[in-house]
Structure formats: C-alpha cells, structure tokens
Amino acid sequence: MDTQNASHFIQDIIEQDLQSGKHETVVTRFPPEPNGYLHIGHAKSICLNFGLARKYGGRCHLRFDDTNPKNEDPEYVHSIIEDVKWLGYDWGEHLYYASDYFQKFYGYALQLIEQGQAYVCSLGPEEIRRYRGTLTRPGQNSPYRERGVQENLDLFQEMKKGSFEEGTHVLRAKIDMASSNINMRDPVIYRILKAEHHRTKDAWCIYPTYDYAHCLSDSIEGITHSLCSLEFQDHRPLYDWFLEKLGVKCHPQQIEFARLSLNYTVMSKRKLTQLVQGGHVQGWDDPRMPTISGLRRRGYTPGSIRKFCDLIGGAKSDNVVDMTLLEYCIREDLNRRAPRYMGVLNPVKVVITNYPGQGSEELEAINNPEDESMGTRSIPFSGVIYIEADDFREDPPKKYFRLAPGREVRLRYAYFITCREVVRDQETGMIKEIRCTYDPETKGGDAPDGRKVKGTLHWVSAAHAVKSRVRIYDRLFSRPNPLQDEKKGLGLDDTLNPDSLQEMHGCMMEPAVKELAPGDFLQFERLGYFCVDQASRPRSPVFNRTVSLKDTWAKIEKKMQNQ
RNA sequence: UGGGGCGUAGCCAAGCGGUAAGGCAACGGGUUUUGGUCCCGUCAUUCGGAGGUUCGAAUCCUUCCGCCCCAGCCA
C-alpha cells in the first residue's frame, strides 16, 4: 500500500552505512515528549522513523522523552500510543521512557564531574543568561567554573538530595564560553525541579536537560540513526561531545530533516492550544484540527496519511506542503475502498406524476464501481423522491446539464425523468415541489431507444428516507499561512474560516445507511467521502464529510461568474 | 552584525560533470449511469543572481542576494 517513494538523503546515508558495514541493521526511534497531542507533522517523523526501520528490516523504538515533569502527563502518553498504533506502526517490545534511564544519566554525570568536564554552577537563571553573552559577543566564564572535583561532587550530591531550592544551582558541562555556537557555552545538563514526575514520582528532584538526556538515551538503546528536525542542527556538536567524553560504545548519528508545514492550517502547539482553549474548535480531536485524532475523526485513514508522508519525502529545505496533496491522498484511498450510497443533503421534493399508485419497487445499485467484489444492494424507488436542491435550476445557466423545466435527466440506477412543472409556495415563493414524468422504459437508467441524457442525479425515495444530520467540514483557516498572518498582526478572527463547519439537518439518506456503524467510511455519490460519527445512531445517523469529490461543475460555474 | 542551515515550476521533490525524473495543482481532450474514477496531452531552453573553470555546469570555484534556526534551568 505504501509506495516506498523516491530516495531521499536519509535513505542514502542508511544505505551507505549498511553497505560499508558500519551498521548491520537500522535502529531508529520516535521520541515524543508526552506534553501534547500528535499532529500530522509528527506523522511525518513517525513515518520516516518507522518506515525506514521497516524498509531496511531494522526496528524503531517508541521512546517518551519525559525529562521535564512540569510539562508531562500520562494522558498524553496514552494518546500518543494510540495514535502511533493507529497509524499502523508497531514497536514490539521496544517501548521506552527516558525516565527509565535516570539512574544511568546520573552515573554519567558523576563521570563527567570526575573528568573535570562538568561543574555545579550557583549562578541564578538571570545571571547565567548574562554570562552567556550574545549571538555576536562571547560569553564569560562562570565564577564557579573552577570548583574542584570533590566540591562539585558534594554539591551535586546535595542537589540530588533536595537540599537546594529550584534555580539556585545547576550542573553544567564545561566546554567553551567563547564558542560561536551558543549551545556549547557550558550548557546546563541538570536542573533542580521539585515536581512530581508522572512515572518516577518523587524519586528525583534533579532532572537532565534534553541535550544531555537525548544522546544518552539513543546510545543506551543502540540507536543507529537519530532523526530530528532542523532546529537541532546547532545541537549536534553537543550531542557528539557528550558521547565522546563519556566514551560510550554506541555513538548514533544525528541527522536533521525539515519539519512539515501545511498551508491553511497551523502546526505549532501554541496555536493549536489557542484554538482549543479559545473555543474555536471543539477539542484536540475536532475534525478540523491537524491532529492525528482530529484527522481520524474527520475520516482520514492511516493508509492515506502514510501515503501522504511517503509523497512529501524528507529533505532539508523549509517547505509548506499544499493541502490539496493530503486531500488527494484520502480521495485516492477511499475511491478504491468506500462503499457508495445515495444521500440528499439539501432535499427538494420531486413528484413523479405518472408513477402508478402509492407503490414502490426495488432497484439494484452497485456498491463500488471500482471493486466488483463489493457487490450490489437494492434501493427503494417510489413516486415521491428527494433530489438535491442544487440539481435543479428554473433558469439554468450555460453548460448546466442537470434538471430544469422541460429537461430530461437520469436518476441514478432508476429512470429518466422530465421536468413538467414547478410548484411554488404562494407566500414565500419557495419551491414546494417539482413535478416530473418518468419513462418506464428506462428502468435501470438506460433508454432502449438509445436516447442519451447529459445529467445523472442522485435521489432518495421520500417514504423510505432516513433523516440524518451531516457536518460539512472545510479548511480551518481561510488564508494559506496563518502563522505569517499573525506576524503581520492579524488575529484568529481575521484568519479563521467562518465556514469551516456547516451543520446540516434534515438530510435524506437511502435506507441502507442504517446498517452503518460509527467509524465506517462511505461515499455519498456525487457529494464526497464521509464517515459515520461516533454519536451516530441507526435511527438518527450523523455523518462527517471527510472531503468532497472533485467538483468540475463548481469550477466551471465559478469561471463563468468571473467572466 | 557571530554561528548553523536552505534556495530546482504555484506546491512538494529527484538530480551528485554528459545536456532538467516524478507527484499535487492548473489547463486541454477522450471514456463514463457519480460533472467522480480512469486514460491521453500541455505545463522549467533552465536550476536565487553575476562571474569563472570545463569540449560540456543545476552539479566544481568565486562573489553577491534572499529565506529559516540559535542568546530556556523547554524539547
């Protein structure tokens, strides 16, 4: 199903390493901090890490990078596990937590101190910042930089015991305060944090920082290729420094790639949180959110997301992928797999004046023209049906070939009908019903005399219709780059798409939809792909539109309007 | 202005000294009982700009320009 697309530079590196014998197997890891929900940007990293491991017969670990108890929560570890599983990846026995290595990290810190390569600094946060210098000016050595090994050992011991308050002391690597790389200016590797950790509880009150913990976690797990995003490029010398000074046997290679951006949405946790907390969406799993859980509720399939990640590849240049590519991926997947139904979102009554009596009949319909094995079903037809309001025009524009006065069209899988009369409400002027005649000879949709019609409409028998609710989703933002808009001073009110959610009531579906269960996907013919909402019930179904079908007519109509 | 990266079509992206893959989008056409799908075709004389090396440069060199990241005891 996944196409294993074109080579990218990470693959090249792996293949070289395998060929040269540097590595016999590939070991990667996906290392989220459990401090939020995963989004499509994470999916890129997940697909890269798990996908590469799978492709080369290696393995990929799921590791929670839980080194900061102030940010983390078990709720997030659960949701992350669910999301990665749902995407179709399996870490086997290799579920790890950085917090499982705290004791080892501590031992390594002692080693660094003993080697004279780490020291306890008693400057406050503000002073540390001042001593660090600026981008263009070198930093200055901390007055505590030359403390003796024993003093450092004692102090670090006291830090661990909880003798000090937060912010009073840190352990720092002794590297180079004049380095042009700010990350090398004696970075903090341990800080005092008196918070309860979601796994180690109150066992520790000192916690390692990312730079120190990450490379060591990778090393402990025998990672061969440690993939991360571009902003960590400047940290690579530090990553290597720790592993070198500590003399560990396993020294993974850090490789950076560009994170994913998608237009018409946002990926930053800050903005996403703002959307949720500001009530602009209904939660982290709102179907308009770019979160994995949101996409899932929207009806995106794991395969479509994997396909998407495969198509975008992995490179080092900043990128903004077009939303239409994601939509293409879900359409492609669902076109092959989604069973078809007929449903009318915005019903208009059609009375077939020459249809005999009050009776009805069963017509046969194909469940999926792309897959014969999905079989057929029967649909009831009768003298009163609903069609889509948009499929009738009293005064049809050019190139419109749906129903209009005097015009003949096909009702899919049923009959040709011809519009004879439009009945309007006396007071409101609204169309009450459209009166048509049908041609009994065209049963099934073909005319024995070879007569052709240009339009084929979907329809639902009024007497058999299942009334339901439908939520039409559209892109969250009306402008392609909300983050840049924000820098220009525009707020959410200016950039959010006011029509990103349209709730429709009184939609009329064919009776077969009663068999559908929450989570099922389907196509309503001529409308789009939908999924059955979790709140859906057989007698009162709720559908979420995942994505519309491509709409050539809308394009033509728009073009004509612009002329 | 210090350091680290990146510039190939509207978007993503191959290309690694031998004469610009592929996908999305767009546009045109064919098939069609979904204006869907599918099929066919069009879409970079040029790779951020300018010089240079070479028989030959997107690929090598020089220089200029543009964009992104870094001054958390976040990751």
Side-chain angles (χ1 to χ4, degrees), chain A residues 3 5-8 12 31-33 35 65 67-68 70-71 121 123-125 128-130 132-139 166-172 179-185 187-193 206-207 209-211 213-214 228-237 256 258 260 263 269 310-329 331-332 335-336 340 342 365-366 369-370 399-402 410-414 416 444-446 452-458 480 523-528 548-557:
Chain A
T3 48
N5 195 34
S7 64
H8 46 69
D12 294 346
E33 183 184 21
N35 71 341
D65 204 353
T67 57
N68 189 340
K70 291 194 166 172
N71 296 338
C121 178
L123 254 23
I128 287 188
R129 188 158 64 84
R130 269 209 309 280
R132 188 154 32 224
T134 69
L135 294 179
T136 50
R137 259 199 309 278
E166 286 186 17
T168 55
H169 305 269
V170 291
L171 186 69
R172 293 229 250 171
S179 173
S180 52
N181 181 346
I182 293 187
N183 296 296
M184 301 299 272
R185 321 239 261 229
V188 171
I189 64 182
Y190 265 98
R191 64 310 203 179
I192 298 167
L193 253 29
I206 53 172
Y207 290 90
T209 54
Y210 166 85
D211 286 307
H214 204 91
C228 63
S229 42
L230 252 28
E231 66 268 30
F232 292 105
Q233 284 177 122
D234 290 342
H235 296 241
R236 192 171 62 234
E256 311 85 8
L260 167 70
N263 60 14
K269 210 185 109 194
D310 186 53
L311 289 179
I312 60 176
K316 298 190 77 159
S317 52
D318 293 327
N319 59 84
V320 183
V321 176
D322 202 309
M323 192 72 179
T324 58
L325 185 63
L326 222 207
E327 294 174 347
Y328 161 79
C329 291
R331 286 193 185 109
E332 188 204 54
N335 176 50
R336 293 191 321 254
R340 275 118 256 205
M342 289 202 284
I366 293 165
E370 306 296 318
K399 293 184 184 171
Y400 184 87
F401 43 80
R402 277 113 95 146
R410 170 168 41 232
L411 294 177
R412 179 145 231 230
Y413 298 127
F416 286 9
D446 280 309
K452 300 289 181 200
V453 288
K454 294 204 77 175
T456 299
L457 312 186
H458 59 278
Q523 181 195 106
F524 280 125
E525 295 215 26
R526 302 211 304 135
L527 296 175
S548 68
L549 253 30
K550 284 215 274 186
D551 191 348
T552 306
W553 165 243
K555 212 180 279 181
I556 293 168
E557 195 177 28

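Only a predicted model underlies this, so the values are computations on that prediction, with no experimental measurement involved. Only this structure's heavy atoms are used, side chains among them; waters, hydrogens and symmetry mates stay out. To find a chain, count down the sequence lines: A is the first, B the second, and so on, and within it residues start at 1.
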Q. So, for A/N263 and A/V320, which heavy atoms are closest and what is the spacing to 0.1 Å?
A. N-CG1, 3.7 Å

[N] [atom2] sits how many Å from [X] [atom1], rounded?
| X | N | atom1 | atom2 | value |
| --- | --- | --- | --- | --- |
| A/R340 | B/rU32 | CZ | P | 19 Å |
| A/N319 | B/rG10 | CG | C1' | 15 Å |
| A/N263 | B/rA25 | CG | C1' | 11 Å |
| A/R331 | B/rA25 | CZ | C1' | 11 Å |
| A/E525 | B/rU34 | CD | C1' | 5 Å |
| A/R412 | B/rG36 | CZ | P | 12 Å |
| A/R410 | B/rG35 | CZ | P | 9 Å |

Q.
Taking any heavy-atom pair under 4.0 Å as a contact, classify A/D211: base, sugar-phosphate, or nothing.
A.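 Touches nothing.
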
Q | Sugar-phosphate only, base, or nothing, as touched by A/G124 at under 4.0 Å among non-hydrogen atoms | A |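 Touches a base.
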
Q | Heavy-atom protein contacts under 4.0 Å, nucleotides 67-72 of chain B, coded B base, S sugar-phosphate only, - none | A | -SBBBS

Q. What nucleotide among B/rU34, B/rA14, B/rC74 has an atom nearest to a side-chain atom of A/A315?
A. B/rA14

Short side-chain N/O contact from [X] to OP1 or OP2 of [N], under 4.0 Å:
| X | N | value |
| --- | --- | --- |
| A/T67 | B/rA75 | yes |
| A/T552 | B/rG36 | yes |
| A/K555 | B/rC27 | yes |
| A/R526 | B/rG35 | yes |

Q. Which dot-bracket notation, 5' to 3', represents the base pairing of RNA chain B when pairs are defined as Watson-Crick or G-U with both distances under 3.5 Å, crossing pairs as [ ], and inter-strand pairs as |?
A. .(((((((.[[[..)..(...]]].(((((.......))))).....[[[[[..)....]]]]])))))).....

Q: Establish, yes or no, whether a centroid distance under 6.0 Å links the rings of A/Y400 and A/W553.
A: yes

Q. Are any of the side-chain heavy atoms of A/L549 and A/Q523 separated by less than 4.5 Å?
A.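 Yes, their side chains come closer than 4.5 Å.
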
